[in-house]
S.K.: 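Dropping a structure here in structure tokens format, bear with me for questions.
One-based numbering along the sequence shown. Since this is a predicted model, take the numbers as computed values, not measurements.
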Amino acid sequence: LGGASHIGHRPMALLLLAAGARMDGFCAAMLGETEIVTALLRLAPATANARGPHGYPLLYHAGYSGKIAIADAIGPLLSARVRDCNQALQTASLAGHTEFVGWLLKNGVDNPNLKTFAGKTPLDLALGRNHTAVVELLRTHGATASGG
């Protein structure tokens, strides 16, 4: 379930949940389950700064869902705002969530060109999926393609 949540594989996560896997905050954020994420944050605010697979934060997983309400709930609790926003820009760009990308750019991104483990920038990810609105938004904030 952690792997499915980390790569934003919604169908696999739902299949695993249906088979009895236990929901966690990272999965809830990836699925866009705002009520679950906000309940976790209310009960355990440190959840906002927890790290999942490969050290990626809750906000990174929320980038797959594009739910601004989740970002708004996580945002005030972040201790590593810039790092978390930079990482979440990758998932939100890949998923094509223009509004979420805008939220990240406004609320903490300092490097719109942070590369993934595969050497892709958020702009590369958006270009690869033809997310034209995200591409335009990223370019207005200085994002570049990796050329690779």
Side-chain angles (χ1 to χ4, degrees), residues 1-75 77-78 80-81 83-109 111-139 141 143 145-146 148:
L1 185 61
S5 300
H6 176 68
I7 63 169
H9 200 301
R10 183 181 180 85
M12 180 58 71
L14 293 172
L15 177 70
L16 292 167
L17 289 169
R22 294 182 191 175
M23 171 78 74
D24 66 11
F26 301 110
C27 182
M30 183 273 296
L31 292 174
E33 293 295 329
T34 306
E35 291 179 13
I36 294 172
V37 175
T38 55
L40 283 170
L41 294 170
R42 181 177 42 78
L43 295 170
T47 302
N49 296 295
R51 300 282 167 200
H54 306 290
Y56 286 96
L58 193 62
L59 191 61
Y60 170 93
H61 293 78
Y64 284 121
S65 75
K67 295 280 183 96
I68 299 299
I70 294 176
D72 283 340
I74 296 169
L77 303 171
L78 293 176
R81 174 177 292 280
R83 176 183 173 195
D84 290 2
C85 286
N86 285 344
Q87 289 178 328
L89 186 61
Q90 296 170 354
T91 55
S93 296
L94 179 66
H97 296 303
T98 308
E99 189 178 346
F100 202 98
V101 167
W103 186 96
L104 293 166
L105 291 166
K106 182 180 177 184
N107 288 284
V109 167
N111 181 3
N113 296 305
L114 181 69
K115 292 182 179 178
T116 66
F117 71 93
K120 303 282 186 188
T121 65
L123 182 58
D124 293 328
L125 299 171
L127 284 166
R129 297 271 178 102
N130 293 320
H131 298 310
T132 54
V134 172
V135 167
E136 291 174 21
L137 182 57
L138 288 169
R139 284 186 171 149
H141 284 84
S146 67

S.K.: Could you work out, with side-chain contact (heavy atoms from CB on, under 4.5 Å) as the rule, every residue matching Ala71, not counting sequence neighbours?
M.R.: Leu59, Phe100, Trp103
S.K.: How far does CG of Leu123 sit from NZ of Lys115, to the nearest 0.5 angstrom?
M.R.: 12.0 Å
S.K.: What pairs of donor and acceptor atoms, side-chain ones from residues 26-42 against any protein atom, are under 3.5 angstrom apart with sequence neighbours left out?
M.R.:
from, atom 1, to, atom 2, distance (Å)
Thr38, OG1, Thr34, O, 2.9
Thr38, OG1, Glu35, O, 3.2

S.K.: Drop me the distance from Asn111's CG to Leu89's CG, to the nearest 0.5 angstrom.
M.R.: 9.0 Å
S.K.: Which residues pass the side chain to side chain donor-acceptor pair (under 3.5 Å) test with Asn49, not counting sequence neighbours?
M.R.: Ser79
S.K.: Taking all atoms of both residues into account, what is the closest heavy-atom pair of Ala21 and Leu17, and its distance?
M.R.: O-CD2, 3.5 Å
S.K.: What's the shortest heavy-atom distance between Ala126 and Val134, and which atoms?
M.R.: CB-CG1, 3.7 Å
S.K.: Between Thr98 and Leu137, which heavy-atom pair has the shortest distance, and what is it?
M.R.: O-CD2, 3.6 Å
S.K.: Using side chain to side chain donor-acceptor pair (under 3.5 Å) as the criterion, list what pairs up with Arg51, not counting sequence neighbours.
M.R.: Asp84
S.K.: Could you tell me which residues satisfy side chain to side chain donor-acceptor pair (under 3.5 Å) with Ser5, sequence neighbours excluded, listed by chain and number?
M.R.: none
S.K.: Can you name the nearest heavy-atom pair linking Ala48 to Leu78, along with the distance?
M.R.: O-CD2, 3.6 Å
S.K.: Quick one: pull up NE2 in His61 and CD1 in Ile74 and give me the separation to the nearest 0.5 Å.
M.R.: 10.5 Å
S.K.: Keeping to residues at least two apart or across chains, list the salt bridge (Lys or Arg N to Asp or Glu O under 4.0 Å) pairs with something in residues 64-74.
M.R.: none
S.K.: Only counting residues at least two apart or in another chain, list the ones meeting salt bridge (charged side-chain N to carboxylate O under 4.0 Å, His left out) with Arg139.
M.R.: none
S.K.: Which pair of non-hydrogen atoms, one from Ala4 and one from Met12, has the smallest distance, and what is that distance?
M.R.: CB-CG, 3.9 Å
S.K.: Can you run down the ring-ring contact (aromatic ring centres under 6.0 Å, His included) pairs that involve residues 36-58, sequence neighbours left out, and say none if there aren't any?
M.R.: His6-His54, His6-Tyr56, Tyr56-Tyr60
S.K.: Taking side chain to side chain donor-acceptor pair (under 3.5 Å) as the definition, give me every residue that meets it alongside Asp24, ordered by chain and number, with sequence neighbours left out.
M.R.: none
S.K.: Applying the side-chain contact (heavy atoms from CB on, under 4.5 Å) criterion to Leu127, which one of Val135, Thr121, Leu138 satisfies it?
M.R.: Val135
S.K.: Can you tell me how far CD1 of Ile7 sits from CG of Leu94, rounded to the nearest 0.5 angstrom?
M.R.: 10.5 Å
S.K.: Report yes or no: does Arg129 contribute a side-chain atom to a donor-acceptor pair with the main-chain N or O of Ala95 at less than 3.5 Å?
M.R.: no
S.K.: Provide the full list of side chain to side chain donor-acceptor pair (under 3.5 Å) pairs with a residue in residues 86-95, sequence neighbours left out, each pair given once.
M.R.: Asn86-Asp110
S.K.: What is the minimum heavy-atom distance between Pro112 and Pro122, and which atoms define it?
M.R.: O-CD, 3.3 Å
